[in-house]
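Written out below as structure tokens is the structure these notes cover.
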Amino acid sequence: MTADTILASLSLSAPEIFLAVGAMVLLMIGVFSGARAAPTVTWLAILLFVVTAIWIVWVPAEGLAYGGAFRTDGFSRFMKVLALIGSGVALYMSSGLAKAEKIDKFEYPVLVVLATLGMMLMISANDLISLYMSLELQSLALYVVAAMNRESARSTEAGLKYFVLGALSSGLMLYGMSLVYGFTGHTGFVQIAEILAGETRSLGLVFGLVFVLAGVAFKISAVPFHMWTPDVYEGAPTPVTAFLAGAPKIAAMSIFVRVVIDAFQPISADWQQIVVFMSIASMVLGSFAAIGQTNIKRLMAYSSIGHMGYALVGLAAGSQEGISGVVLYMTIYLVMTLGAFAIILSMRNKDGEALERVDDLAGLSSTNPMMATVLTALMFSLAGIPPLAGFFAKYFVFVAAIKAGLYVLSVVGVLASVVGAYYYLRVVKLMWFDAPTREFARVPGSLAIVFGLSGVFVIGYVLFGGFIGTAAEAAAAALF
């Protein structure tokens, strides 16, 4: 690489470099300031996310960097901004509850920044090696934050389970990458696609594809690689769960899209079968397994599994319209999830103790009508009831699947939505028709702002959804 190409590469990856340097600076601030630095580092980390997001939007860059291993385009910019929003809001929600959740350590925001850096590198990965390195950067930070509350056996168990299963998935992915390299002679997505377009694919390559997709599916908690999700969601501190449910899913779905569209598009018939199976299994399990849940965080875990299945419906279509549906779905999913977790974080009794049972929401309409109204809107939106945002998310991925001839997948998705509506409506019934069993403590202002804005988004989506839809279409068009 010449000096000019190195400078061009550094320019294209400037937001990531800024985030990496910012993480090191925050680490130094925390180390030299001691335990009292946690709030300062948290707010500086949020500022870092805001500046990086503004940089990506106002200084758009497109091209390949580092010998083709890193790619920035309209798709990557859109998804990076989403990931930054997810991480920033999750940190903002935790700012007033860090002490109560025993995560008031300066290492927590630093790890969130490093995980977000891994996500951004993942979204721009254009090579199997860069994909793996960025995935591990994200994962190692997430394993630690899941076990951040060392005084809690549940939190430690969650981190350990996440680490063991995550290491297994990384091993599967690395084995798959070695098979793909062995049968194509390349690790770059563009070169792999060129080889596959010019010759008949071999059985060994398909095995490699299966293992690579299995590793990515673990990160989005798609069935059958979902087993970690309910336990980690329940065991991890709730602010950490809110983080895990949002930004990492955006990054993992982004790389799922990029791998199959950029690298394996010539053998779409092979990967489409895998994606259709994962989609159906995730939608069905997410709908039925959530019905019997009594813990609200486990319920949201199965809800997340189901929603990843719905997003995969658009990916299975393999078309530009389908990818546009995926981008739109992940945008709306992020807002709904952050709003729901803002309310879950608000579920505290007068002593400040966190409440996690679904039944604790009984009679919320009489004790806190505003929170009950917003949560009702979010539950209806998660269920896909019109005219809320969640309905449009599902509508566009199903339309893309129908146009691609995936009628069985679409029918199963609609039926799973009907089943899934049961456990969302059960929450609504508890809030509005059951007698209150307890009264929550006063809601912190940061949480009220987050769930208030998310409620406005899902209710008013019909008024401004066109702008978001246009942006999603532009992002998808960058891949075709």
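Remember, it's a predicted structure, so these values are computed and weren't measured experimentally.
Residue F433 places its CZ atom among 12 or fewer non-hydrogen atoms of other residues, nucleotides or ligands, all under 6.0 Å distant. Atom OH of Y422 is surrounded by 12 or fewer heavy atoms from other residues, nucleotides or ligands within 6.0 Å.
Note: Y329 and H307 have tilted aromatic rings, judged against thresholds of 30 and 60 degrees for the angle between ring planes. Taking the six-membered ring where the residue is Trp, Y233 and W228 present perpendicular rings, their angle passing 60° and hence far from 30°. Under the 30°/60° scheme for interplanar angles, the aromatic rings of F392 and Y461 are found to be tilted.
Residue V180 comes nearest to L205 through the heavy atom pair CA-CD1, 3.9 Å, listed as atom of the first residue, atom of the second, then distance. The heavy-atom pair separating L142 from A115 by the smallest distance is CD2-CB, 4.0 Å. Nearest approach of V284 to A416, heavy atoms of both residues: N-CB, 4.5 Å. Across I250 and A83, no two heavy atoms sit closer than the pair CG2-N, 4.2 Å. Across M120 and P15, no two heavy atoms sit closer than the pair CE-CB, 4.1 Å. Of all heavy-atom pairs spanning S76 and S124, the tightest one is CB-OG, 3.8 Å.
Not counting sequence neighbours, the partners of D360 by the salt bridge (Lys or Arg N to Asp or Glu O under 4.0 Å) test are R438. Residues passing the side-chain hydrogen bond (donor to acceptor under 3.5 Å, both in side chains) test with D127, sequence neighbours excluded: T187. Remark: R298 pairs with D231, E234 by the salt bridge (Lys or Arg N to Asp or Glu O under 4.0 Å) rule, at least two apart or across chains. Residues passing the salt bridge (Lys or Arg N to Asp or Glu O under 4.0 Å) test with R77, sequence neighbours excluded: E62.
Within the 3.5 Å criterion, the main-chain N or O of M431 finds a donor-acceptor partner in the side chain of S365. Side-chain N or O atoms of Y310 include one that pairs as donor or acceptor with a backbone N or O of S417 at under 3.5 Å. Without hydrogens or angle criteria, S178 side chain to Y175 main chain gives a donor-acceptor distance under 3.5 Å. Of the possible polar contacts, none joining the S13 side chain to the E16 backbone as a donor-acceptor pair under 3.5 Å is found. Here the side chain of S410 pairs a donor or acceptor atom with the backbone of L406 at under 3.5 angstrom. Between the side chain of K297 and the backbone N or O of G235, no donor-acceptor pair lies under 3.5 Å. Using modelled atom types, no side-chain atom of T337 and backbone atom of L334 make a donor-acceptor pair closer than 3.5 Å. At least one donor-acceptor pair closer than 3.5 Å links the side chain of T116 to the backbone N or O of V112.
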Self-check item: Step-by-step side chain to side chain donor-acceptor pair (under 3.5 Å) determination, S130 to Y66
Solution: CA-CA 10 Å; S130 60; Y66 307 109; over 6 Å; no

Practice problem: Decide yes or no on side-chain contact (heavy atoms from CB on, under 4.5 Å) for R71 and V190, but give the supporting numbers first. | Solution: CA-CA 11 Å; R71 177 179 178 179; V190 176; 5.6 Å; no

Self-check item: Derivation and outcome, ring-ring contact (aromatic ring centres under 6.0 Å, His included), residues F288 and Y302
Solution: CA-CA 9 Å; F288 284 94; Y302 284 109; over 10 Å; no

Self-check item: Test log, rule side-chain contact (heavy atoms from CB on, under 4.5 Å), inputs F163 and V144
Solution: CA-CA 9 Å; F163 170 70; V144 178; over 6 Å; no

Exercise. Evaluate the criterion side-chain contact (heavy atoms from CB on, under 4.5 Å) for residue pair F218 and L172; output intermediate values, then yes/no.
Key: CA-CA 10 Å; F218 176 88; L172 290 175; over 6 Å; no

Practice problem: Could you walk me through whether L213 and V260 pass the side-chain contact (heavy atoms from CB on, under 4.5 Å) test, one step at a time? | Solution: CA-CA 9 Å; L213 294 188; V260 298; 3.8 Å; yes

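The closest side-chain heavy-atom distance from I385 to Y424 is not below 4.5 Å. Using a 4.5 Å heavy-atom cutoff, the side chains of K80 and S254 are not in contact. Using a 4.5 Å cut-off on side-chain heavy atoms (C-beta onward), D73 and R258 make contact. Residues M177 and L131 are in side-chain contact: their nearest non-hydrogen atoms beyond the backbone lie under 4.5 Å apart. Between F277 and P224 there is a side-chain heavy-atom pair separated by less than 4.5 Å. Looking only at side-chain heavy atoms (C-beta outward), T184 and Q191 stay at 4.5 Å or farther from each other. The side-chain heavy atoms of M283 and L409, taken from C-beta on, include a pair separated by under 4.5 Å. In this structure, the side chains of V113 and L117 stay at 4.5 Å or more apart for every pair of heavy atoms.
Applying the side-chain hydrogen bond (donor to acceptor under 3.5 Å, both in side chains) test to every pair with at least one member in residues 135-148, sequence neighbours left out, gives these pairs: E136-S170, S139-K219. Contacts classified as side-chain hydrogen bond (donor to acceptor under 3.5 Å, both in side chains) and involving residues 274-290 (residues at least two apart or in different chains) are not found.
Note that CG of L447 is 9.5 Å distant from OG of S94, once rounded to the nearest 0.5 Å. With rounding to the nearest 0.5 angstrom, the CD1 atom of I323 is 5.0 Å from the CG atom of L315. Summarising the geometry, atom CH2 belonging to W432 is positioned 8.5 Å from atom CG belonging to L364; distances are rounded to the nearest 0.5 Å. L19 CG to T52 OG1: the interatomic distance, rounded to the nearest 0.5 Å, is 4.5 Å. Between atom CG of residue L430 and atom CZ of residue R357 there is a gap of 10.5 Å, rounded to the nearest 0.5 Å. Here the CG atom belonging to L135 is positioned 11.0 Å from the CE atom belonging to M119, to the nearest 0.5 angstrom.
Using modelled atom types and a 3.5 Å distance limit, the side chains of K249 and S304 yield a donor-acceptor pair.
Two rings, from F207 and F211, have their centers 6.0 Å or more apart. Ring centroids of F380 and F391 are separated by 6.0 Å or more, keeping the two rings apart.
Of the residues M330, M308, H226, the one that meets the side-chain contact (heavy atoms from CB on, under 4.5 Å) test with I220 is M308.
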